[in-house]
Amino acid sequence: MDPKWDGLMIGLPDERVPGPCPYFRREFEVRGPAKRALLLVTALGAAEARVNGERVGDEWFTPGWTDYRMRLQYRVFDITSLLRSGRNAIGLIVGPGWYGGGW
């Protein structure tokens, strides 16, 4: 089953990058127990996601090498078990990876 893309892209307000790896964070409310929650992650570079302080997935700063002129890879994570009723937080650390690194 293909997940439905229903969300907004996030990013920095301009080209200035605050330090080596920007960190994005957003709090949100969950009313009642979550039946199923999928997190779709992509970035121009590498990304690591956390939900309520727990790292999502078992890899560090994915994806690996890719040709960004041809494709933009994304990962789908089932984060149902990481959510709780009430306030939750999601964070994303991004880095240049193969997209913007000075290799």
Side-chain angles (χ1 to χ4, degrees):
M1 178 179 105
D2 288 333
K4 179 183 175 196
W5 288 87
D6 187 17
L8 301 173
M9 297 293 285
I10 61 171
L12 298 170
D14 55 37
E15 296 295 320
R16 292 173 288 175
V17 176
C21 293
Y23 181 80
F24 299 92
R25 184 178 188 278
R26 165 103 14 127
E27 292 185 8
F28 60 98
E29 185 87 18
V30 173
R31 293 183 177 91
K35 292 180 183 175
R36 185 167 187 219
L38 299 178
L39 175 65
L40 285 71
V41 177
T42 189
L44 292 174
E48 179 184 312
R50 292 182 178 265
V51 173
N52 295 323
E54 298 291 326
R55 190 164 58 91
V56 176
D58 60 359
E59 297 176 334
W60 296 92
F61 290 102
T62 58
W65 184 87
T66 188
D67 185 345
Y68 289 95
R69 297 169 298 174
M70 302 294 291
R71 68 188 57 83
L72 183 58
Q73 296 182 39
Y74 67 96
R75 296 288 309 262
V76 179
F77 299 99
D78 184 339
I79 60 167
T80 310
S81 65
L82 298 176
L83 297 178
R84 56 184 175 240
S85 184
R87 299 293 287 171
N88 289 267
I90 187 167
L92 189 68
I93 305 169
V94 296
W98 293 103
Y99 178 76
W103 327 111

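Since this is a predicted model, take the numbers as computed values, not measurements.
The line from CG of D78 to CZ of R36 is 6.0 Å long, rounded to the nearest 0.5 Å. Separating the CG atom in L40 from the CD1 atom in I79 is a distance of 9.5 Å, to the nearest 0.5 Å. We find the CZ-CD1 distance between F28 and I90 to be 6.0 Å, quoted to the nearest 0.5 Å. Taken from CZ in F77 to CG in L82, the straight-line distance is 11.0 Å, to the nearest 0.5 Å. How far CZ of R75 is from OG1 of T42: 11.5 Å, rounded to the nearest 0.5 Å. Between the CG atom of N88 and the CZ atom of R26 there is a distance of 14.0 Å, given to the nearest 0.5 Å.
In terms of modelled atom types and a separation under 3.5 Å, the side chain of S85 and the main chain of P33 share no donor-acceptor contact. A donor-acceptor pair under 3.5 Å links the side-chain atoms of Y68 to the main chain of G45, judged by distance alone. Without hydrogens or angle criteria, N52 side chain to A89 main chain gives a donor-acceptor distance under 3.5 Å.
Closest non-hydrogen pair, R84 versus R87, comes out as NE-O, 3.4 Å. When every heavy atom of A34 is checked against every heavy atom of L83, the shortest pair comes out as CB-CD1, 4.1 Å. For the residue pair T66 and R71, the shortest heavy atom distance occurs at OG1-CG, 3.5 Å. Among all heavy-atom pairs drawn from A43 and A46, the shortest one is CB-O, 4.4 Å. A37 and T80 get closest at one heavy-atom pair: N-OG1, 2.8 Å.
Taking the charged nitrogens against the carboxylate oxygens, E29 and R31 have no contact shorter than 4.0 Å, which rules out a salt bridge.
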Could you please spell out the steps behind the side-chain contact (heavy atoms from CB on, under 4.5 Å) verdict for V94 and F24?
CA-CA 8 Å; V94 296; F24 299 92; 3.7 Å; yes
